[in-house]
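Notes follow the structure.
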Amino acid sequence: MELKGERLLPADQAAAWAALTDVELLKLCIPGCDSITALEGNRYEILMTAAVGPVKSKFKGTLEMADVVAPESYTLKFEGSGGAAGFARGAAQVKLVAQGAAATQLVYLANAQVGGKLAQVGSRLIDAAAGATADKFFEAFSQQLAARARIAGAPEAALASAPPAATFSLWDLFKAFLKRLFGRR
């Protein structure tokens, strides 16, 4: 399965990078996320509840940031298991491109494999669920970025001039990808 897209983030590149690597912020934005725990290096353990059609389960997995070129790009490697519901594993490439002083374009390309009951649900249902989950994540992430900008004292005019955007982060990418695979509603 392949998932690719672009999202305009309402923050400069440095702020977007900081948000994409903020575990607590990501936990707030990822639908169904129960916990994200730092392990050694750039590795994290994630626990979340996800559903795709009739298949709903708690998933436990790991995320690893590799090939990090801050604040421009990284590769997110992930794998997770939901017991009898199945598993997912893959990688996603994330790239941030500055779009002026108050916006950043996020470009992502993810590839994943699913197995178990999830694989039996069908790719159309999985794709629809993943898209819906990604949209929810981007909406929440954009709201968090805008709130951070207001708290930091960014002029309201600068916020208003930034185009409305959806956002995506390390956890966003993982969550959106899992949601695309597992469809959290």
Side-chain angles (χ1 to χ4, degrees), residues 2-38 41-44 46 48 63-78 90-112 127-181 183-185:
E2 183 177 277
L3 172 63
K4 61 182 174 179
E6 297 182 11
R7 300 292 178 145
L8 189 62
L9 306 177
D12 64 46
Q13 189 173 8
W17 181 267
L20 288 172
T21 57
D22 182 335
V23 174
E24 290 304 315
L25 182 121
L26 294 174
K27 182 180 171 191
L28 292 172
C29 298
I30 298 170
C33 183
D34 296 323
S35 68
I36 299 173
T37 306
N42 286 333
R43 294 190 63 225
Y44 302 87
I46 186 167
M48 62 185 285
L63 299 173
E64 179 182 1
M65 286 179 66
D67 307 322
V68 177
V69 180
E72 298 172 4
S73 65
Y74 60 81
T75 299
L76 178 64
K77 298 176 182 181
F78 58 89
Q93 297 172 330
V94 178
K95 183 176 181 181
L96 297 176
V97 180
Q99 301 290 309
T104 302
Q105 187 74 26
L106 183 142
V107 180
Y108 61 94
L109 173 62
N111 288 289
D127 288 347
T133 299
D135 290 343
K136 288 178 184 177
F137 171 82
F138 293 136
E139 182 179 332
F141 192 72
S142 291
Q143 289 173 358
Q144 291 292 326
L145 282 175
R148 280 184 171 196
R150 283 191 297 275
I151 290 170
E156 208 52 46
L159 289 175
S161 68
T167 57
F168 204 78
S169 72
L170 165 65
W171 300 114
D172 294 329
L173 181 59
F174 177 70
K175 179 65 175 179
F177 191 73
L178 284 180
K179 291 192 178 212
R180 181 144 190 158
L181 295 175
R184 174 84 176 142
R185 297 177 190 211

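Bear in mind the structure is a predicted one, so any value in this text is a computation, not a measurement.
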So which atom in [X] and which in [Y] form the shortest heavy-atom distance, rounded to 0.1 Å?
| X | Y | answer |
| --- | --- | --- |
| Gln99 | Gln105 | CG-N, 3.5 Å |
| Thr75 | Ala91 | CG2-CB, 4.3 Å |
| Val68 | Trp17 | CG1-CZ2, 3.8 Å |
| Ala11 | Thr104 | O-OG1, 2.7 Å |
| Leu145 | Ala19 | CD2-CB, 3.4 Å |
| Phe78 | Ala92 | CE2-N, 4.4 Å |

Got a second to check how far [X]'s [atom1] is from [Y]'s [atom2], nearest 0.5 Å?
| X | Y | atom1 | atom2 | answer |
| --- | --- | --- | --- | --- |
| Cys29 | Lys136 | SG | NZ | 14.0 Å |
| Tyr74 | Gln93 | OH | CD | 11.5 Å |
| Lys95 | Glu72 | NZ | CD | 8.0 Å |
| Arg7 | Tyr108 | CZ | OH | 5.0 Å |
| Met65 | Ser73 | CE | OG | 9.0 Å |

message: Using only atom types and a distance under 3.5 Å, with no angle test, would you say the side chain of Gln13 pairs donor to acceptor with the backbone of Val97?
response: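 Such a contact is absent between Gln13 side chain and Val97 backbone.
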N/O donor-acceptor pair under 3.5 Å between Ser142 side chain and Glu139 backbone: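 Such a contact is absent between Ser142 side chain and Glu139 backbone.
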message: Checking side-chain contact (heavy atoms from CB on, under 4.5 Å) between Lys27 and each of Ile36, Asp22, Asp34, which is the one that passes?
response: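 Running side-chain contact (heavy atoms from CB on, under 4.5 Å) over Ile36, Asp22, Asp34 with Lys27 returns exactly one hit, Ile36.
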Quick one: are [X] and [Y] in side-chain contact, heavy atoms under 4.5 Å?
| X | Y | answer |
| --- | --- | --- |
| Leu106 | Glu6 | no |
| Cys33 | Ile46 | yes |
| Glu64 | Leu76 | no |

query: Charged N to carboxylate O below 4.0 Å: is that the case for Lys77 and Asp67?
result: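 No.
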task: Any chance you could lay out the side chain to side chain contact (heavy atoms under 4.5 Å, CB included) test for Leu96 and Val107, step after step, and finish with the verdict?
output: CA-CA 6 Å; Leu96 297 176; Val107 180; over 6 Å; no
